[in-house]
Each structure stands twice: as C-alpha cells, then as structure tokens.
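These values consider heavy atoms only, across backbone and side chains, with no hydrogens, waters or symmetry-generated copies. None of the values given here were measured: they were computed from a predicted structure.
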Amino acid sequence: MYRRAFSTYGLLAIIFPTRGATQTMDPSVMMQTVIQLARRAWLQGDGQAFATLFGPTGEFIVPGQCWQGPEAILQACQTFMATHQVTAIDIRNVVIQENRAMVEWSWQEVERSSGQVSTAEDAIAIDIQGTHIQRWREYIDTDTKSP
C-alpha cells in the first residue's frame, strides 16, 4: 500500500490510496513514508517526485537558498540534477514528533562533468501540514566526515 509509484496527484494519492485513510494514518508512518519517498526521488533523479511532496506554499531550504511552491522546487531540483547525480543517501537517525521530523542522513553525489564525488552529512527539519511538506530545511555539513 505505501510503496506505490510516484503520482502527480501529490502525497495524498501516494500514501493515502483510499478515501478516509487520512483519519486513521499513524503520523509516524506518514512521516517515515515522506522521508523514504524524498530519498527515493533524489536517488532516482526525479525532481517531479520530490516537488510533488510539497504543498502549494511549501518551502525547500538549503544553506543560502529557499524555494517556495512545487514549481520553484521542481526547477531547483532539475537544475541540480542536470549537473549532479545523487549516488547514495544513508539514513542515520530519524526523530518524529507529531507533524515534525528531524532526519540525519549522509549524502553522496557525483558532478556529471568532472566525475568528482562529494559527500555531506545532512540534518533535515521537516514540517508536514495536512498531507504535504510545508517546510524542508537542510543543515548541510560538508566538512565533517563520518567514520
């Protein structure tokens, strides 16, 4: 039920396939699903799938940049994915409290033109409003390497 293909109908169609399921969905399960769908979207280079997770005023924030709304988020993803390929995302820690989550994951990407591999440790604060991401705020550390 939770492993459906990405849809342009948004997060509601992905994780709530039947009407009324939102009333019984465990918020923890919903947050875990959102995190896994986001991870999959980046690994598959699918900016549309990532942008679809956001509500109309949803924010995607990385150090020095902020995009609001699915169209702007899609454009940012497509720009990044044109020059980089994400090759690994390892989730290290997830803390969920109601409609919020904190995620630690390690990220590896390859620059397409040079083949240069970059890694980062990333902490992400996620807020869900209704059935979509309202805020995805990343705190990226490219200096500290995990053992």
Side-chain angles (χ1 to χ4, degrees), residues 1-23 25-96 98-142:
M1 173 163 118
Y2 302 112
R3 295 181 190 235
R4 293 181 165 246
F6 290 112
S7 163
T8 57
Y9 298 108
L11 184 58
L12 184 64
I14 297 169
I15 64 174
F16 304 121
T18 59
R19 188 176 202 127
T22 58
Q23 295 173 357
M25 173 63 87
D26 179 338
S28 177
V29 171
M30 184 174 84
M31 291 300 287
Q32 287 284 355
T33 302
V34 167
I35 293 162
Q36 290 300 325
L37 290 172
R39 178 183 179 274
R40 183 184 318 161
W42 283 109
L43 287 170
Q44 293 179 348
D46 189 344
Q48 180 67 48
F50 184 71
T52 298
L53 297 172
F54 289 80
T57 61
E59 297 176 322
F60 175 44
I61 306 164
V62 298
Q65 298 179 324
C66 177
W67 300 274
Q68 186 172 29
E71 289 300 319
I73 294 166
L74 172 59
Q75 187 64 42
C77 290
Q78 289 175 332
T79 299
F80 175 82
M81 291 172 182
T83 58
H84 295 80
Q85 177 183 3
V86 178
T87 56
I89 299 175
D90 296 317
I91 297 174
R92 302 201 188 274
N93 192 16
V94 177
V95 177
I96 297 171
E98 296 177 15
N99 68 327
R100 294 187 171 109
M102 289 297 296
V103 179
E104 289 181 306
W105 70 24
S106 62
W107 170 285
Q108 182 175 305
E109 65 190 50
V110 176
E111 185 178 30
R112 293 183 190 278
S113 64
S114 68
Q116 181 178 351
V117 176
S118 300
T119 60
E121 297 299 315
D122 200 353
I124 307 162
I126 304 167
D127 295 329
I128 298 287
Q129 193 170 64
T131 58
H132 288 85
I133 297 171
Q134 178 57 38
R135 186 170 184 265
W136 177 287
R137 171 67 168 103
E138 297 195 23
Y139 301 87
I140 302 168
D141 178 2
T142 57

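By the salt bridge (charged side-chain N to carboxylate O under 4.0 Å, His left out) test, Asp90 is found to be paired with no residue, residues two or more places apart in sequence or in another chain being considered. Evaluation of the salt bridge (charged side-chain N to carboxylate O under 4.0 Å, His left out) rule for Arg100 yields Asp127 as partners, not counting sequence neighbours.
Checking side-chain atoms of Asp122 against main-chain N and O of Trp105 turns up no donor-acceptor pair under 3.5 Å. At least one donor-acceptor pair closer than 3.5 Å links the side chain of Gln134 to the backbone N or O of Thr57.
Screening residues 59-82 for side-chain hydrogen bond (donor to acceptor under 3.5 Å, both in side chains) gives no qualifying pairs among residues at least two apart or on separate chains.
In this structure, the separation between CZ on Phe60 and CG on Leu74 is 11.5 Å, given to the nearest 0.5 Å. To the nearest 0.5 angstrom, Asn99 atom CG is 8.0 Å from Gln129 atom CD. Between atom CD1 of residue Ile133 and atom CD1 of residue Ile73 there is a gap of 8.0 Å, rounded to the nearest 0.5 Å. To the nearest 0.5 Å, atom CZ of residue Arg40 and atom CG of residue Leu43 are 10.0 Å apart. Taking CD1 of Ile126 as the start and CZ of Arg135 as the end, the distance is 11.0 Å to the nearest 0.5 Å. Note that CD1 of Ile124 and CD1 of Ile140 are 8.0 Å apart. Values are rounded to the nearest 0.5 Å.
Counting all heavy atoms, side chain and backbone alike, Val94 lies closest to Ile96 at CG1-CG1, 3.7 Å. Among all heavy-atom pairs drawn from Ala41 and Met81, the shortest one is O-CE, 4.2 Å. Shortest non-hydrogen contact noted between Met30 and Gly130 is CE-O, 3.7 Å. Heavy atoms only, all atoms of each residue included: Pro70 and Gly55 are closest at CD-O, 3.3 Å.
By the 4.5 Å heavy-atom criterion applied to side chains, Gln108 and Val117 are counted as neighbours. Using a 4.5 Å heavy-atom threshold, the side chains of Glu104 and Glu121 count as separate. Proximity of Ser118 to Glu111: side-chain heavy atoms (C-beta onward) are nowhere separated by under 4.5 Å. Two residues are said to be in side-chain contact when any heavy atoms from C-beta on lie closer than 4.5 Å; Arg137 and Pro63 meet this criterion.
In this structure, Phe80 and Trp42 have perpendicular ring planes: the angle between them is above 60°, well past the 30° mark. Ring orientation note: the planes of Phe50 and Trp136 are nearly perpendicular, at an angle over 60° on the 30°/60° scale.
Judged purely by distance below 3.5 Å, without hydrogens or angles, the side chains of Gln48 and Thr52 pair a donor atom with an acceptor atom.
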